[in-house]
Asker: 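Quick one: this structure, given as structure tokens, is what I'll be asking you about.
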Amino acid sequence: MAPILELRAVVKRFGGVAAVNGVSLSLERARIYGLIGPNGSGKTTLFNCITGVDQADEGEIRFKGRHIDRLKPHQIFHLGIGRTFQVIRVFPELTALENLLVVTTTGYDEARRRAQELLEFVKLERLAGEFAGNLSYGQQKLVEFIRVLMTDPEMILLDEPAAGVNRTLLNELLDAVRRLRDQGKTVLLVEHDMKVVMGLCETVFVLDHGEKLAEGAPGVIQADERVIEAYFGR
């Protein structure tokens with residue numbers, strides 16, 4: 001089966017610095033992938049290249065066999081790639097329900113049904129009418145997460161979903177990610193919490209100084225001396 005997302009020798013420079021340097025990845029459908037590495041290793045830049053926020057200077061990015069490396073973010077979004085961000089981007093003066101409705105591309109009644117289903121998906125249905133600004137940090141992260149799902153993307157990119165979230169809400173989020181995988185969705189997440197990465201992901205990619213350092217199953221990555229050195233030094 002052809003990969004759903006494929007990166008070939010992707011390079012992104014800022015001035016004379018290569019934030020991403022020759023990275024190649026291949027992601028299959030209906031799997032959960034992790035992207036890890038020390039601070040400044042190029043993880044968010046790579047996310048930005050995939051989603052069109054930044055354009056790669058070299059290399060190719062293909063989604064379902066189609067070149068997307070010169071498309072705008074909204075075009076990539078409509079092709080079926082959704083993402084969250086490190087910094088929460090909810091609308092605090094809109095309700096949880098309204099935060100979902102703002103991204104809809106369907107009629108209001110259909111969108112409202114979808115939004116209510118997604119609130120139930122993460123057990124936030126009782127807070128549908130609450131202003132997002134009044135929700136806890138973890139609840140806001142869940143709202144942002146399901147807002148990405150409003151258009152039913154085939155691939156979801158999560159940027160540090162566990163950061164600042166209490167364990168109860170985090171478990172809800174991780175369960176939801178697994179259910180998405182079971183529904184045939186592909187998930188790629190950047191995360192610093194190694195317990196989350198190793199317990200959730202089926203394949204882990206490691207970046208260091210903009211280059212792919214390692215790739216493999218969580219157990220293999222944990223034991224890789226190059227990864228240990230990148231994180232902790234000698």
Asker: What distance do L5 atom CG and E154 atom CD have between them, rounded to the nearest 0.5 Å?
Answerer: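 Going from the CG atom of L5 to the CD atom of E154 covers 11.5 Å.
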
Asker: Taking salt bridge (Lys or Arg N to Asp or Glu O under 4.0 Å) as the test, write out the residues that go with K72, two or more places apart.
Answerer: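 Expected list: none.
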
Asker: Mind jotting down which residue pairs meet the ring pair (Phe, Tyr, Trp, His ring centres under 6.0 Å) criterion with at least one end in residues 114-139? Sequence neighbours excluded, please.
Answerer: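 Matches after skipping sequence neighbours: none remain.
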
Asker: For E215, check salt bridge (Lys or Arg N to Asp or Glu O under 4.0 Å) against everything at least two apart and list the hits.
Answerer: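 Listed in chain order: K212.
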
Asker: Could you give the distance from NZ (K64) to CD1 (I81), rounded to the nearest 0.5 Å?
Answerer: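 One finds 8.5 Å between NZ of K64 and CD1 of I81.
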
Asker: State whether the side chain of R70 and the backbone N or O of A56 hold a donor-acceptor pair below 3.5 Å, judged by distance alone.
Answerer: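 Side chain of R70 to backbone of A56: a pair is present.
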
Asker: Do the side chains of L213 and F47 join up, straight or via other hydrophobic residues, at under 4.5 Å, putting them in one cluster?
Answerer: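 Each belongs to a different hydrophobic cluster.
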
Asker: Can any side-chain N or O of T104 pair as donor or acceptor with the backbone N or O of L101 at less than 3.5 Å?
Answerer: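 No, T104 side chain to L101 backbone: no donor-acceptor pair under 3.5 Å.
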
Asker: Listed by chain and number, what are the salt bridge (Lys or Arg N to Asp or Glu O under 4.0 Å) partners of R178, not counting sequence neighbours?
Answerer: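 D175.
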
Asker: State, yes or no, whether a side-chain contact exists between Q140 and I88 at a heavy-atom distance under 4.5 Å.
Answerer: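 A side-chain contact exists here, since the closest heavy-atom pair is under 4.5 Å.
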
Asker: If you compare all heavy atoms of E98 against all heavy atoms of L94, which two are closest, and at what distance to 0.1 Å?
Answerer: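 The answer is OE1-CA, 3.4 Å.
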
Asker: Keeping E144 on the side-chain end and K141 on the backbone end, is there a donor-acceptor pair under 3.5 Å?
Answerer: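 Pair absent, no side-chain N/O of E144 close to backbone of K141.
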
Asker: Could you go through the side chain to side chain contact (heavy atoms under 4.5 Å, CB included) check for L169 and S136 one step at a time?
Answerer: CA-CA 10 Å; L169 289 177; S136 71; 3.8 Å; yes

Asker: Shortest non-hydrogen contact from I68 to I50?
Answerer: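 Closest pair (atom of I68, atom of I50, distance): CD1-O, 3.5 Å.
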
Asker: Just jot down the side-chain hydrogen bond (donor to acceptor under 3.5 Å, both in side chains) partners of E117, sequence neighbours excluded, or say none.
Answerer: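 Once residues adjacent in sequence are excluded, E117 has no partner under the side-chain hydrogen bond (donor to acceptor under 3.5 Å, both in side chains) criterion.
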
Asker: First locate atom CD1 of I4, then atom OG of S26, and finally report the distance between them rounded to the nearest 0.5 Å.
Answerer: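 Nearest 0.5 Å value for the CD1-OG distance: 11.0 Å.
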
Asker: Please determine if R62 and E6 form a salt bridge, counting it only when a charged side-chain N lies under 4.0 Å from a carboxylate O.
Answerer: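 E6 and R62: not salt-bridged.
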
Asker: Out of curiosity, R66 CZ to I61 CD1, how far, rounded to the nearest 0.5 Å?
Answerer: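 Taking CZ in R66 and CD1 in I61, the distance rounds to 13.5 Å.
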
Asker: For V103 versus T151, what's the shortest heavy-atom pair and its separation?
Answerer: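 V103 and T151 have their closest heavy atoms at O-CG2, 3.9 Å.
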
Asker: Would a 4.5 Å heavy-atom cut-off, applied to side chains only, mark V204 and I36 as touching?
Answerer: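 Result yes, sub-4.5 Å side-chain heavy-atom pair found.
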
Asker: So L173 and P161, do their side chains get closer than 4.5 Å, heavy atoms only?
Answerer: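 P161 vs L173: side chains touch.
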
Asker: Quick one: closest heavy-atom pair of P153 and G80, and the distance?
Answerer: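 Minimum heavy-atom separation between P153 and G80: CB-O, 3.4 Å.
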
Asker: For L188 and L27, what are the C-alpha separation, side-chain angles and deciding distance, and is it a side chain to side chain contact (heavy atoms under 4.5 Å, CB included)?
Answerer: CA-CA 9 Å; L188 174 63; L27 284 71; 4.1 Å; yes

Asker: Determine the minimum heavy-atom distance between L124 and V143, stating which atoms define it.
Answerer: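 Heavy atoms of L124 and V143 come nearest at CD1-CG2, 4.0 Å.
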
Asker: To the nearest 0.5 Å, what is the distance between CD on E125 and CG on L118?
Answerer: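 One finds 11.5 Å between CD of E125 and CG of L118.
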
Asker: Output all residues satisfying salt bridge (Lys or Arg N to Asp or Glu O under 4.0 Å) with R13, sequence neighbours left out; order by chain, then residue number.
Answerer: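 R13 satisfies salt bridge (Lys or Arg N to Asp or Glu O under 4.0 Å) with E58 once adjacent residues are dropped.
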
Asker: When you group the ILVMFWY residues by side-chain heavy-atom contacts below 4.5 Å and let the links chain together, are L158 and M155 in the same group?
Answerer: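 M155 and L158: separate clusters.
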
Asker: Can you tell me which residue pairs pass the ring pair (Phe, Tyr, Trp, His ring centres under 6.0 Å) test with a partner in residues 1-43, sequence neighbours excluded?
Answerer: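 Non-adjacent pairs meeting ring pair (Phe, Tyr, Trp, His ring centres under 6.0 Å): Y33-F205.
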
Asker: Strictly by ring pair (Phe, Tyr, Trp, His ring centres under 6.0 Å), give each pair with a member in residues 66-86 just once, sequence neighbours left out.
Answerer: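 Qualifying pairs: none.
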
Asker: With clusters defined by side-chain heavy atoms of hydrophobic residues (ILVMFWY) lying less than 4.5 Å apart, directly or transitively, does V187 cluster with L79?
Answerer: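 Each belongs to a different hydrophobic cluster.
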
Asker: Starting from M194, can I reach V165 by hopping between I/L/V/M/F/W/Y residues whose side chains sit under 4.5 Å apart?
Answerer: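 Yes, same cluster.
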
Asker: Assess whether atom CZ of R126 is packed by more than 12 heavy atoms of other residues, nucleotides or ligands within 6.0 Å.
Answerer: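 Not more than 12 within 6.0 Å, no.
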
Asker: Working note: D159 + L189, criterion side chain to side chain contact (heavy atoms under 4.5 Å, CB included); need CA distance, chi angles, decisive distance, verdict.
Answerer: CA-CA 6 Å; D159 201 342; L189 63 93; over 6 Å; no

Asker: Less than 4.5 Å apart, side chain to side chain, heavy atoms only: is that true for T84 and L157?
Answerer: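 The answer is no; the side chains never approach within 4.5 Å.
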
Asker: Give me the atom names and distance for the closest heavy-atom approach of A96 to L119.
Answerer: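 Where A96 meets L119 most closely, the heavy atoms are CB-CD2, 4.4 Å.
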
Asker: Identify whether L200 and L142 are in the same connected component of the hydrophobic contact network (ILVMFWY, side-chain heavy atoms under 4.5 Å).
Answerer: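 The answer is yes; both residues are in one hydrophobic cluster.
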
Asker: When you measure from the side chain of R147 to the backbone of V102, do you find a donor-acceptor pair of N or O atoms at a distance under 3.5 Å?
Answerer: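 No: the side chain of R147 does not pair with the backbone of V102.
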
Asker: Indicate yes or no for a side-chain donor-acceptor contact from S41 to the backbone of G210 under 3.5 Å, with no hydrogens or angles considered.
Answerer: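 It does not hold such a pair.
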
Asker: Distance-only, no hydrogens or angles: does the N99 side chain make a donor-acceptor pair with backbone N or O of F91 under 3.5 Å?
Answerer: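 Yes; at least one donor-acceptor contact below 3.5 Å.
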
Asker: Give me each pair satisfying side-chain hydrogen bond (donor to acceptor under 3.5 Å, both in side chains) with a member in residues 183-201, each pair once, sequence neighbours excluded.
Answerer: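 Qualifying pairs: N39-H192, D152-K185, E160-H192.
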
Asker: Between D69 and R8, does the side chain to side chain contact (heavy atoms under 4.5 Å, CB included) criterion hold? Intermediate values first, please.
Answerer: CA-CA 11 Å; D69 34 82; R8 298 178 182 174; over 6 Å; no

Asker: Restricting to side-chain hydrogen bond (donor to acceptor under 3.5 Å, both in side chains), what partner residues turn up for N166, sequence neighbours left out?
Answerer: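 N166 satisfies side-chain hydrogen bond (donor to acceptor under 3.5 Å, both in side chains) with no other residue.
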
Asker: Looking at residues at least two apart in the chain, or sitting in another chain, which of them share a side-chain hydrogen bond (donor to acceptor under 3.5 Å, both in side chains) with R112?
Answerer: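 In terms of side-chain hydrogen bond (donor to acceptor under 3.5 Å, both in side chains), with neighbours along the sequence ignored, R112 is linked to Y108.
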
Asker: Side chains of R31 and T203 only: does a donor on one sit below 3.5 Å from an acceptor on the other?
Answerer: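 The answer is yes; a qualifying pair exists.
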
Asker: Within this structure, what is the CG-NZ distance for the pair N21 and K12, rounded to the nearest 0.5 Å?
Answerer: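 Going from the CG atom of N21 to the NZ atom of K12 covers 13.5 Å.
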
Asker: Show every ring pair (Phe, Tyr, Trp, His ring centres under 6.0 Å) that has at least one partner inside residues 152-183, sequence neighbours left out.
Answerer: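 Sorted result for residues 152-183: empty, none.
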
Asker: Quick one: are V196 and L170 in side-chain contact, heavy atoms under 4.5 Å?
Answerer: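 In short, these two side chains touch, coming nearer than 4.5 Å.
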
